[in-house]
Structure formats: C-alpha cells, structure tokens
Amino acid sequence: MSSASSQSHRTFIIGCGLTQFIKPRKTRTTEDMGLEASTKALLDAGITYDEVQAAFVGYVLGDSTCGQRALYALGLTGIPITNVNNNCATGSTALFHANTWVKSGAIECALALGFEQMAPGVLKASFPDRRSPVQPIAEASIGSEATIGKNYGPPNPRMFGNGAQEYFNKYGGDIETLAEIAAKNHKHSVKNPYSQFRNGWTKEEVLASTRMTEQLTKYMCSPTSDGAACCIIASEAFVHKHHLENQAIEIVATALTTDDITTLESNSAMNAVGFNMSRNAGDEVFRKAGFGPTEGRDQVGVVELHDCFAANELITYDALRLCEPGKAHEMVKAGDNTYGGKYVINPSGGLEAKGHPIGATGLGMHSYITFQLRNWAGPSQAPGLFDVPDKRGKYGLVHNLGLGGAVVCSLLRRPEFWKEGGNDGRDRLGYNHAHVLKGITRADIDKVKSKQSSERLLEIARL
C-alpha cells in the first residue's frame, strides 16, 4: 500500500511538545503553557521560530487573538496566525489546517498549537445569555430517552450516557463494560508523567466513585484541565533539508467531518454524540490512505481516541470499525484494547486519566502517536509496531471529537526513508520528552526564539 502515491505533497510531523495536563487552579496561563509546548516542539524539530511560515492555534475558552499572544513570546515575525475553535476537536482541527497549508505546497513549515485554561468542575456555558449551539443536539439526545430509558445528570455526561445506553440495548454490555474501559485508561496513565491523574484506579474503584448518570461514574469522565500541546508539520523537502529522517512521522491522511442529517433526525442517542461523524471521518481517512471502506484496520497498531467519557470510547470502537459491528463490548472483554491485545488504545491514559484541556487535547493525541511511531514512548511503548515485513511498520490512528460538531481522524506512519541513528529531538532537549517530564529553561527559549523576539513579551509570558 503506497503511503501517499496519489498526493502531490507529502506532510510530516517533525516536532512535538507538551506541558503536563493539570487541575485548573489558575497556576498557569495560556501564554506560559503555549510558550513551553511550542519551545519543546521547536527544539524537538531542531528549528527556530523564524522557519515557521504559518500557525494555527486552538482554544475554546479565551479571548480573541490568544494565539498571537502566546506565539508573540517567541517572536513577532508577521506570519499568518489563525485562531481555531471547534469545541473538543479544536486541537486536531488546528493541525488539520496547518497540514492542509503544507500539503497544498503554499508553505514548507507550519505550527499547530493548542491550549486551554479552564475552570474547576463541570463545564458550564461560556455565554449563558444566549442559546447554546449544541442545544439542538442535546434536545435530540434527551428526546431519545423515550426509547432508550430516562436518564439524569449534567448535560454532557447525560448525552454520552444515553449513547452508551442505546449501545447496551442494541448489542449488550453494561456499566461494568464502561468500568473496564476506564480502569484500563487509568492503568495506562500511571506510566505517563504528563497525565493529570496517575492513580491507576481499578475497575472496583471506578464503579465505587460518584454516580454521574445511570451509566457513568465520576472516574469514567474526563476532568477539566489546564495544558498545552504543539506539533510542527513540514514538507518532505523540509524534512530532508534539516536531516530529520530519523524522527519525521508521515501524516498519511487526515479527515475532518461534521454532522450529517442523522445527528438530529435518526432518534439515535449514539448519533447525537457523534457515532455517525466518527464513522464518516474514519472511513474517509482510510479511503484517503488508499484502503476500502472496511479495510486497513488490521494494519493499525496503536490508537489515541476521544474518550471524553468511557461511553464514547465504547461506541467509537464500533464507529471506527476497530471491531465487528455490535461487538465493541466483546472487544473490551477480550482485552483487545490494551497491551497484549489487537490494539493498544489510549496508551497515554486517554482523556479520562491524562486530562482534557480542550484546545490541547487533539494535538496531544497526535504527539503521543508520533512518539509511539518513533519508538520513543518508553514504558508506554506499544509492542509489535515494527514487527511486520513493511519497514514502515504499522499505522497509528488518531480520533478527536467535538459536539456541535466535528471529528478529525488521522493516520500516521513512519515513511519509507526512515533512518535510525544520529542526533534527534532527544539530544536537542537533553532528555526523552516522550516519557520524561521537564519544564523549559531560558536557554531553551533562546535556542528557538526568532531574531525578532520581544524581551518584554517573553518575560510577561514566563511570569
């Protein structure tokens, strides 16, 4: 299978950077977190901000031009900076557009940054003086309760709980299935120093936590979080010019879909929370990679998918065709979603454990898959990714969903020119940032900042 034979311009992730995802306690700012993530990504790529030709910055809970403010700490270079808001799919949407610019041939290098500074507790409306754009979807979900059974709880857990209930009614599974998914993710997160929660809660502890809806307990739900993540996307010519053949991971395909008519008109709680969007985005990304509608899943080895609630992870297995139709609960029971099974799904711990700073989430997913495909993930490394005849190894799959709505799916893989050895991002940072957490120093910033940087803005960002 040719990775990009039908595409005129190939694109690659050449640099990644993350902050730790933390409880939202106003201990960090978006400027500070954005500076850390982007500095790490630039160091990883071995370039300065002067080589970035465009940037897309994702966040949901912030004023206009927060993206400019975060990146201005690295330099005022006059490049196009576009701020992105696509609900919980914001980070991957920023990457989608950065990738599109490079793929078009318009530029050689783009930066995608995402961050969020949130408030503690359950998500609330940012603009309570007006009707929420998600309200029609919420009404469709609640309307489906006449068929699937009455539910209760805060709006988002209730909607995703309804999706799980529809799945249970149609195919099987129950709250214990969701507890197994959540416990799996919390177990994975213990090995991820960037995770908000590293408690490793067991299935029994998950079930014993506070009940949020009929189907969901607290430990099955992603928390609110502060954090940032950054990916740098470049052309093949840029990769070779900068000798990044030992760490560039190809974006073989990426797809962005929005709601179709079934979201509102099918009386389906699963479609109301994006089953249809996920199915369409998954099919499209595999089609772009050269596969048929149901083909290619056996060539995937590691997945980061949008488990805002354990309920969504369950139905997304089916939506992405990672299992036979209606067999997602059996996939969980067989352990085909973790180490030793068919796929390693959410080795980072997923949103439930590592946290969910909305604008950063999708870029964090792409970073974790990039680290996996570089074989840098250390104790979280998925086994068997390179134990195949094709030297490029298996694919990594990313799935990022936002209600209202949008889904981004990406297929990543090592390119055929992959070459081991030589200096790489670990040397430039001085440690393996894929599984070691450290902050940045002023010396780190000085290595990557533009020649047109403002000392005043830099110091304010670091306060």
Side-chain angles (χ1 to χ4, degrees), residues 13-22 26-59 62 65-81 83 91 94 98 109-117 193-194 226-234 238 242 244 247 357 359-360 363-364 367 370-371 376 423-463:
I13 295 176
I14 61 169
C16 300
L18 298 156
T19 70
Q20 186 178 19
F21 291 0
I22 59 175
K26 299 189 186 304
T27 57
R28 302 199 67 175
T29 65
T30 55
E31 302 100 296
D32 160 47
M33 294 184 291
L35 178 62
E36 178 181 335
S38 53
T39 295
K40 287 178 176 177
L42 290 164
L43 282 170
D44 185 23
I47 63 173
T48 71
Y49 187 62
D50 283 315
E51 295 182 84
V52 174
Q53 296 169 286
F56 292 81
V57 185
Y59 58 93
T65 69
C66 282
Q68 283 91 326
R69 181 62 191 84
L71 289 174
Y72 280 177
L74 288 170
L76 292 93
T77 60
I79 63 170
I81 297 175
N83 295 281
C109 181
L111 182 150
L113 171 65
F115 47 67
E116 213 68 70
Q117 185 176 353
Y194 291 95
D226 289 352
C230 182
C231 293
I232 298 172
I233 297 93
F238 194 96
H242 292 270
L244 295 169
Q247 67 179 63
L363 287 159
S367 296
T370 296
F371 293 149
W376 291 9
N423 286 346
D424 57 35
R426 294 169 293 187
D427 299 296
R428 290 184 284 271
L429 275 94
Y431 61 98
N432 185 351
H433 62 301
H435 67 88
V436 176
L437 171 63
K438 293 184 181 182
I440 56 171
T441 66
R442 178 55 195 260
D444 291 331
I445 298 167
D446 288 342
K447 291 175 184 175
V448 301
K449 70 181 183 181
S450 167
K451 296 174 183 177
Q452 303 177 75
S453 62
S454 164
E455 192 66 25
R456 178 173 173 270
L457 290 179
L458 182 55
E459 288 307 315
I460 291 173
R462 299 190 72 208
L463 290 177

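Worth knowing before you read on, the calculation uses all heavy atoms, side chains too, and leaves out hydrogens, waters and symmetry mates.
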Interatomic distance, CG@Asp427 vs CG@Leu43, rounded to 0.5 Å, equals 12.0 Å
Separation between CG of Leu244 and CD1 of Ile13, rounded to the nearest 0.5 Å: 13.0 Å
pair Cys66-Val57: side-chain heavy atoms closer than 4.5 Å: no
What closest approach, in Å, do Ala228 and Ala360 show between heavy atoms, and which atom pair accounts for it? CA-CB, 3.7 Å
How long is the gap from CG on Asp446 to OG1 on Thr48, to the nearest 0.5 Å? 12.5 Å
Check Leu35 against Ala73 and note the closest heavy-atom contact, atom names and distance. CD1-CB, 4.1 Å
Hits for side chain to side chain contact (heavy atoms under 4.5 Å, CB included) against Ala98, two or more places apart or cross-chain, chain-then-number order -> Phe56, Ala110, Ala112, Ile233
If you compare all heavy atoms of Met33 against all heavy atoms of Gly227, which two are closest, and at what distance to 0.1 Å? SD-N, 3.3 Å
Under the criterion side-chain hydrogen bond (donor to acceptor under 3.5 Å, both in side chains), I'd like the reasoning laid out for Asp50 against Gln452: C-alpha separation, chi angles, the key distance, then a yes or no. CA-CA 8 Å; Asp50 283 315; Gln452 303 177 75; 4.5 Å; no
Looking only at heavy atoms, the pair that brings Leu363 and Cys230 closest together is CB-N, 4.5 Å
Which of these passes side chain to side chain contact (heavy atoms under 4.5 Å, CB included) with Leu71: Ile81, Thr77, Val52? Ile81
Pairwise distance CD1(Ile14) to OG1(Thr370) - rounded to 0.5 angstrom: 11.0 Å
Testing the basics here: between Ala94 and Gly58, what is the closest heavy-atom pair and its distance to 0.1 Å? CB-N, 4.2 Å
Between Cys16 and Phe371, is any pair of side-chain heavy atoms under 4.5 Å apart? yes
Taking the side chain as everything from C-beta on, heavy atoms only, tell me whether Leu74 gets closer than 4.5 Å to Ser38. yes
Quick one: OG1 on Thr29 to CZ on Phe115, what's the gap to the nearest 0.5 Å? 9.5 Å
Say you draw a straight line from CG of Asp226 to OG1 of Thr27; how long is it, rounded to the nearest 0.5 Å? 6.5 Å
With side chains defined as the heavy atoms from C-beta onward, is the minimum distance between Thr30 and Tyr59 less than 4.5 Å? no
With a 4.5 Å heavy-atom cut-off, do Gln117 and Glu31 have their side chains touching? no
For the residue pair Asn83 and Gln68, establish whether any side-chain heavy-atom pair is separated by less than 4.5 Å. yes
For the pair Cys109 and Ile47, evaluate side chain to side chain contact (heavy atoms under 4.5 Å, CB included) and give the outcome as yes or no after the intermediate values. CA-CA 10 Å; Cys109 181; Ile47 63 173; 3.9 Å; yes
If the threshold is 4.0 Å, N to carboxylate O, is there a salt bridge linking Asp44 and Lys40? no
Can you tell if the side chain of Val436 reaches within under 4.5 Å of the side chain of Pro193, non-hydrogen atoms only? no
For Tyr49, which residues count as a ring pair (Phe, Tyr, Trp, His ring centres under 6.0 Å) partner, sequence neighbours excluded? none
Check side-chain hydrogen bond (donor to acceptor under 3.5 Å, both in side chains) between Glu51 and all other residues, then give those that pass, not counting sequence neighbours. His242
Given 3.5 Å as the limit, does a donor-acceptor pair link the side chain of Thr39 with the main chain of Glu36, or not? no
For Ala70 against Leu113, the heavy-atom pair lying closest together: CB-CD2, 4.3 Å
Answer yes or no: is there a donor N or O on one side and an acceptor on the other, between the side chain of Gln20 and the main chain of Leu437, under 3.5 Å? no
Hey, what's the ring geometry for Trp376 with His433, parallel, tilted or perpendicular (30° and 60° as the breaks)? perpendicular
